[in-house]
Peer 1: 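Got a structure for you, questions after.
Computation of the quantities below employed the complete heavy-atom set of this structure, encompassing side-chain atoms and omitting hydrogens, waters and symmetry-equivalent molecules.
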Amino acid sequence: MNTVPILFDAKGHAISAKRIRQLVVMFGKKYNSATGDIIRDSRELAADGQVFIKCAMRILSSFGMTRSGKFQGSGTAGEASLKKILSACWDVIGNQLLAVKGTALASRLSRERYLLEISKAERDWAIAEVWDMTKRLLPFTMSKSSYGLVGASKIVFSVLPEIALPIDNVQWREVFKTVDLGDVIKRMAAEIERWESVTGILLNELGSSERLTTLPSVYNVVAMDARPKREAAK
């Protein structure tokens, strides 16, 4: 599959740490602030779903997804409608989210590097759960013009920023070239491991000054930059 390289250039050379730090700063305070907030607020999930709703609303709004589509709305009425949709989402995936988050907390591993510090078997289980939850969200995020993968991936990322990745339409089509979030996360983990092995640098540390402390949150910045420019401009 002819996917676009992210942490390496077309010749196989590792993207420099300096360049990644620049991308994090250039990506903008809006994303960095929103992502920093959900990384902080999603450390533990409340069983009533309120943390989930709060974090999902924060991310959907910061990515501009409340301006149109399934999550469109403004003011009190728009917020109430969005909360209702997200509450229904929680009813469907809440138990799975609590199980994945509970396993992560019980491991006592670094949350920032959780994706790489767990065993392969544990990673495969977590990824399978994330992909299953993403598919379960599609009836809530799908529309006449969208399969719903963008919204679903962002919702899952909002409470599992140590594992999941928020992916936009251009990335699905032109960078990852798949509709399977599980495959994307596996690729992300393998690519980060390779990049860190080559450079001797921890990827998550490159975003710490901008509140991006998990591996997926930093990887996403580079993945956004990897989008073909002719497509990204649309």
Peer 1: Looking at Glu191 and Lys186, is there a salt bridge between them, counting it only when a charged N and a carboxylate O are closer than 4.0 Å?
Peer 2: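 Not counted as a salt bridge, because no side-chain N and carboxylate O are separated by less than 4.0 Å.
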
Peer 1: Between Ser146 (side chain only) and Ser143 (backbone N and O only), is there a donor and an acceptor less than 3.5 Å apart?
Peer 2: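 Such a contact is absent between Ser146 side chain and Ser143 backbone.
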
Peer 1: Taking 4.0 angstrom as the limit, do Arg58 and Asp41 come out as a salt bridge?
Peer 2: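 Asp41 and Arg58: not salt-bridged.
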
Peer 1: Can you find a heavy atom in the side chain of Asp37 that is under 4.5 Å from one in the side chain of Ile59?
Peer 2: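 They are not in contact (no side-chain heavy atoms under 4.5 Å apart), so the answer is no.
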
Peer 1: Identify the two heavy atoms, one from Pro228 and one from Val170, that lie closest to each other, and give their separation to 0.1 Å.
Peer 2: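 Smallest interatomic distance, heavy atoms only, reads CD-CG1, 4.5 Å.
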
Peer 1: Report yes or no: do Asn204 and Arg113 form a side-chain donor-acceptor pair below 3.5 Å?
Peer 2: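 Yes - a donor-acceptor pair under 3.5 Å links their side chains.
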
Peer 1: Between Lys154 and Asp168 (salt bridge meaning N to carboxylate O under 4.0 Å), is one present in this structure?
Peer 2: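 Salt bridge absent between Lys154 and Asp168.
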
Peer 1: When clusters are formed by joining ILVMFWY residues with side-chain heavy atoms under 4.5 Å apart, either directly or through shared neighbours, do Leu82 and Leu138 land in the same one?
Peer 2: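 The answer is yes; both residues are in one hydrophobic cluster.
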
Peer 1: We want to know whether Ser119 and Glu122 form a side-chain donor-acceptor pair, criterion being a heavy-atom distance below 3.5 angstrom.
Peer 2: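 The criterion, which ignores hydrogens and geometry beyond distance, is satisfied for Glu122 and Ser119.
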
Peer 1: Please determine whether the number of non-hydrogen atoms from other residues, nucleotides or ligands lying under 6.0 Å from atom NZ of Lys135 exceeds 12.
Peer 2: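 Yes, the 6.0 Å shell around NZ holds more than 12 heavy atoms from other groups.
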
Peer 1: Are Val4 and Val218 grouped together when hydrophobic residues (ILVMFWY) are joined by side-chain heavy atoms under 4.5 angstrom apart?
Peer 2: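 In one cluster: yes.
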
Peer 1: If we only count heavy atoms from C-beta on, is the Phe52 to Cys89 side-chain gap below 4.5 Å?
Peer 2: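 Phe52 vs Cys89: side chains touch.
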
Peer 1: Taking NZ, NE, NH1 and NH2 as the nitrogens, is one of them in Glu193 or Arg123 under 4.0 Å from a carboxylate oxygen of the other?
Peer 2: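 Between Arg123 and Glu193 there is a salt bridge, with a charged N closer than 4.0 Å to a carboxylate O.
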
Peer 1: If we only count heavy atoms from C-beta on, is the Asn220 to Met188 side-chain gap below 4.5 Å?
Peer 2: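 A side-chain contact is absent here, since even the closest heavy-atom pair is not under 4.5 Å.
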
Peer 1: Taking side chain as C-beta onward, heavy atoms only, is Arg211 less than 4.5 Å from Ile39?
Peer 2: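 A side-chain contact is absent here, since even the closest heavy-atom pair is not under 4.5 Å.
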
Peer 1: Restricting to non-hydrogen atoms, name the atom on Leu165 and the atom on Ser153 that form the minimum distance, rounded to 0.1 Å.
Peer 2: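 In terms of heavy atoms, the two residues are closest at O-CB, 3.6 Å.
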
Peer 1: Is the closest side-chain donor-acceptor distance between Ser42 and Arg111 under 3.5 Å?
Peer 2: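 Present: a donor and an acceptor within the cut-off.
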
Peer 1: What heavy-atom pair brings Ile155 and Ala56 nearest, and what distance separates the two atoms?
Peer 2: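 Minimum heavy-atom contact is CG2-CB, 4.4 Å.
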
Peer 1: Walk me through it: do Val184 and Gln171 pass the test side-chain contact (heavy atoms from CB on, under 4.5 Å)?
Peer 2: CA-CA 10 Å; Val184 173; Gln171 288 173 306; over 6 Å; no

Peer 1: Does Ile167 reach the side chain of Leu149, with side-chain heavy atoms less than 4.5 Å apart?
Peer 2: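 Ile167 does not reach Leu149 side chain to side chain.
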
Peer 1: Yes or no on side-chain contact (heavy atoms from CB on, under 4.5 Å) for Trp125 and Thr103, after CA distance, side-chain angles and deciding distance?
Peer 2: CA-CA 11 Å; Trp125 171 80; Thr103 299; 3.7 Å; yes

Peer 1: Aromatic rings Tyr219 and Phe176: how do their planes relate, parallel, tilted or perpendicular, breaks at 30° and 60°?
Peer 2: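 Rings of Tyr219 and Phe176: parallel, as their planes differ by under 30°.
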
Peer 1: Looking at Thr199 and Ala14, what are the two nearest heavy atoms and their distance?
Peer 2: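 Shortest heavy-atom contact: CG2-CB, 3.9 Å.
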
Peer 1: Is the closest side-chain heavy-atom distance between Val92 and Leu137 below 4.5 Å?
Peer 2: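 They are not in side-chain contact.
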
Peer 1: Looking only at the side chains, is there a donor atom on one of Ser217 and Thr214 sitting less than 3.5 Å from an acceptor on the other?
Peer 2: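 Judged by distance alone, the side chains do pair up.
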
Peer 1: Salt-bridged, Asp124 to Lys120, with N to O below 4.0 Å?
Peer 2: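 Yes, this pair counts.
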
Peer 1: Within the structure provided, determine whether Trp195 and Ile6 are in side-chain contact (heavy-atom separation under 4.5 Å).
Peer 2: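 They are not in side-chain contact.
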
Peer 1: Check the surroundings of atom CG in Asp180: do more than 12 heavy atoms from other residues, nucleotides or ligands lie under 6.0 Å from it?
Peer 2: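 Result for CG/Asp180: enclosed.
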
Peer 1: Ion pair present between Lys101 and Glu162, side-chain N to carboxylate O less than 4.0 angstrom?
Peer 2: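 A salt bridge is present here (some side-chain N lies under 4.0 Å from a carboxylate O).
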
Peer 1: Keeping Thr134 on the side-chain end and Val130 on the backbone end, is there a donor-acceptor pair under 3.5 Å?
Peer 2: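 Looks like yes, one N/O pair under 3.5 Å.
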
Peer 1: Looking at side-chain heavy atoms only, is the closest gap between Glu210 and Arg21 below 4.5 Å?
Peer 2: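 Heavy-atom side-chain distance check fails, nothing below 4.5 Å.
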
